[in-house]
Each structure stands twice: as structure tokens, then as C-alpha cells.
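Read the numbers this way: they start at 1 and go in the same order the structure lists the ligands and their atoms.
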Amino acid sequence: MAHTHPEIRTRFAPSPTGFVHIGSLRTALFAFLFARKNSGKLILRIEDTDQNRFVEGAVENLLKVMQHLGINFDEGFYLDDQGKVQEKGEKGPYLQSQRLELYKKYALELVEKGSAYYCFCDEQRLEEVRKEQIALKKPPMYDRLCRKLTPEEVREKLNEAKAQGKNPVIRQAIPEGGSTLVPDLVYGEMTYEHRILDDQVILKSDGFPTYHLAVVVDDHFMEISHVIRGEEWIPSTPKHILLYQALGWAPPEFAHVPLILNPDKSKLSKRQGDVAVEDFLSKGYLKEALINFVAFLGWNPKTDQEIFSLQELIEQFDLKKINKSAAIFDLAKLDWLNSLYIRNKPLRETVALALPFWELLGINTESYPKEYLSEILTLEKDRLKKLSEIGERTKYFFAQPEYEKELLIWKKADANDASHKLQKLYEFFTNLPEGRFQKTSLEEELKKFIGQNGFDNGSVLWPLRTCLTGMAASPGPFEVAATLFIGLGKTEILKRIKIGIDKLA
Ligand code: GLU
């Protein structure tokens, strides 16, 4: 029976693998929303029992990403003002490798109680058993040979092992018959027959626990009331419940969240494209868009609302609205959300976020007036899916464009005509007073100039736009010229028209 908890305490328990997987962010977000909604606590525990997978700096990186996204922890770890990882909370240590004594104590207690046993089988024997079972088309499980040892035999083998400087592992003893009920807040009640559960190792020979033992001991001592984690852990849960029972502890409530799949229904993994949250951020996805998107991976408000701030998510989050079926990772939806957030963000903030993407192209943004950068962004922001696109799309505002002279020729005209129009434009801009370079007046003046000369719009505006941008597709010539005027002045416009004329000569 799960107990009634005086306080909601949930946790996010990643392994320090070096980057934040999008699925991991989803789990963290749901735990965060659940804790905040219920005025509970969110604990960050680092599950580093697999020392082979430990990556230096992983915790720091994780905290940076989480902090940036607005997900903070009440206990566990945080970054101080210097950006150094610090620990806080009364139920620590929160790093599993610092809790080895505790795991050992309970592994031995389980042995004492007959719910676990020493296993002396070596790799070679285990491999043979595995092969045999596979040949018989049975699921490979430990054949429980060491479970049959008498207490005397165990004592003898322990002494023998000790003499050789070896440590036996400890395995969980799954009860022979019967079944275990797994109650789940998302999936309902599931029953697991004991005969399909493996006697898994809970304490390894290096003294480290495996996930199963560590997770139970930690969730118990950290007084976790609700475990929120990925669906892939459901089959492990009956083993955990059996451990709780054996130790006489009340298990927490479980809420498993559905798998995340690619649109082709394959599992979203590291190999399948890009799943690192850091990469999404560095590609120019806004944190608001990413949070909004990730919230919908397996959760649904059951209304038409699609746009949620983190605060709104906290208010509306409900474990009951988590879906059982797999969530589809739809990049097109993320792009759509991101463009929406870019469009609606206050311009000043968007400029600040865009600066690094310009800098990446070697543009020294500090040497330009802020107003210029704002105007450039205004021209493009409604077309951006990601902020990273800003660089390539606007680089002509920072350097004279390079292009082939053919691009200057409008489809209904020829080189002579283009050259003639550009010469006329050169005169027009030379004589245009500085006060008329603002977008609306410039448009008025240019149209007047076209009308008075009896020109076609296209035959003038096409080569003009090409001179200014060097691109086949870009914002229109009026706004580009007006913007260039703000940042680089009239001389730059004239210079670019002159380059066009020279190309055609
Ligand atoms: N360390 C596990 C992981 O990396 C945590 C599973 C759990 O939350 O129990 O996903």
C-alpha cells in the first residue's frame, strides 16, 4: 500500500551522460510542474552508479541547461554565483556514488531476510546459460544456480572468494510463484507474474549498487512521494515494489510517462538525429518554445490552448492529463512554435538573443547602432523558424554582397536596360535629401521617380534590390534601402549601386 504523504516530494534522477536528452528534459519538466503545482519539492539526484558512463562536467552542464529553461531544484544541486556546482538539502548526499555504504547495508539486509542472495557465477558460466536459453528460445535470465546453495556452501564460497580477493555479486531473489501489482497514476494497475522477472544483480562486485537497489533506497530515504519517469522503467517497477516490500517500506506513487517516438514511430534516441537540448538552444530555439513543445510530449491540457508559458503550465499541469500512448516528436511543430515565439517576443530581447548568431559570422555587432540591428531584425523576424537563420539572411547589411551580374537583370529586361536604370537610380539617390530616406517617404519618392520616367516597376526595383542585397529573395528594396541608410548611410547605398553598374559595364 502506498502511504499518504504529508508533503509532495518528487525527483529528477538523471545519469550524468554529458548532454541533456530531450526525453530527459520532458521527465524533468513534468516532475517540476507537478512539484510546483502542488507546492511540493523537486529533488535532483544524480545516478552515477555506472561509472563507465560518467562524463566530467555533466552535472554542471545539466544545471546550466535547466537553469536557463527555468527549471530549478529545491534539493540536490545548484550553480552558485560563480557557476560552480553546489549541493543543498538535508537528505543527501544526492550523488549516488557517495552513498555506497547505505546500499551495501540494505543489500546485506536483503540477504539476511532471504530476499537476496550471493551469486558466485563467473562471466563465462553466465554466458553459457544465456546461450543455452537463447537456443531454447527462452528469454535469457539467470538460472538461479546460486540461489540453491546451502548456508554452509555460501560461507565456504565467500571465504574462497575472499582469499582470491574477489567479491561476489548480490542478486534479488524474486518470489517463486505469484505476481506483483504495479499501480500507476497514468497506466492504471498492471500485474507482473513473478516467473517472468529475472533475479537481477542489485550489488555489483565493485561494491556499486545497480539502478534497482539504488533507486529504491534513495527514493525511500529521500522521502519521495511520487516517482515520475519514462515508460521504459515500467518493467523494472515490480522488482522495485518487491524490494520495498522486502525492506518493509511503503513504495511511492508511480507515474510513468509515455515514450517519445520519431514521426516514423522509431524510438527517439541519440542516433536518430539531434536530441540534445543544448543543440536545440544553440540552433536558436527559444527556451519558451522548447518548454511549450516539450510539455506537449505526452501531456495535453484537453482544451484547444496550444501556447503555454511555464507559469501557465504550472497552473494547468495535471498527471491525469498525461497520455498513455507514445508522443510523436514533430520537429515541424517545434519550428512553428518557435517562429511564433520569435514573432511575439519584445524586439529588444530578440535583438539580444540574435547577437551571438551574427557574431558567429564574424560580424562585430558592437560597431553598429542598436537601432540598426533592431530594424534588420524587424525585417526578418516574422520569417524565421530559428534565430540561427538570422545570420545568413541578413549578412548583406554588414558587408557588401557578392553576386553574379546576371542577377541584376530583371526577367523582362536585358543588361543594357538594367545598366540604364541603375545609372538613373544613382542620380536619383544622389539628389535625394537625407530627410527622405525613411521607408514611407523613400517609397513615395521612388514611385514618383518611376512614374515620371515612365519605367516599369520591376525594371527598376529588381536591379536595385539586387545591388543592395545580392540575393534572389529578400525583403523589398524600400525597406532594405531605408534600413541600410540607418546603419551605413547614403554613401553605402550609392556605393552598392555603383558596383552594380560596374558589373554590367
Ligand atoms: N537514472 C535513471 C535514468 O537515467 C532514472 C530512472 C528513474 O527515474 O527511476 O533515466
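- Given atom 6 (C) of ligand 1, the protein heavy atom at minimum distance is Y211 OH, 3.3 Å.
- Contact check for V277 versus H21: no side-chain heavy atoms found under the 4.5 Å cut-off.
- Protein heavy atom nearest atom 8 (O) of ligand 1, with residue, atom name and distance: R11 NH1, 2.8 Å.
- Nearest protein heavy-atom contact of atom 1 (N) of ligand 1 is E47 OE1, 2.6 Å.
- The shortest heavy-atom distance from F12 to ligand 1 is not under 4.0 Å.
- Salt-bridge check for R130 with E123: passed, with a basic side-chain N closer than 4.0 Å to an acidic carboxylate O.
- Under the 4.0 Å criterion applied to side-chain N and carboxylate O atoms, E7 and K41 are assigned as salt-bridge partners.
- Between E288 and K345 there is a salt bridge, with a side-chain nitrogen of the basic residue lying less than 4.0 Å from a carboxylate oxygen of the acidic one.
- The shortest N or O to N or O distance between I228 and ligand 1 is not below 3.5 Å.
- Put simply, the side chain of F208 does not reach to within 4.5 Å of the side chain of D50, judged on heavy atoms.
- Contact atoms of ligand 1 toward V215: 9 (O) (distance under 4.0 Å to a heavy atom of the residue).
- Closest protein heavy atom to atom 4 (O) of ligand 1: S15 OG, 3.4 Å.
- The pair R125-E128 fails the salt-bridge criterion, with no side-chain N (NZ, NE, NH1 or NH2) lying under 4.0 Å from an Asp/Glu carboxylate O.
- Here the protein heavy atom with the shortest distance to atom 5 (C) of ligand 1 is A13 O, 3.1 Å.
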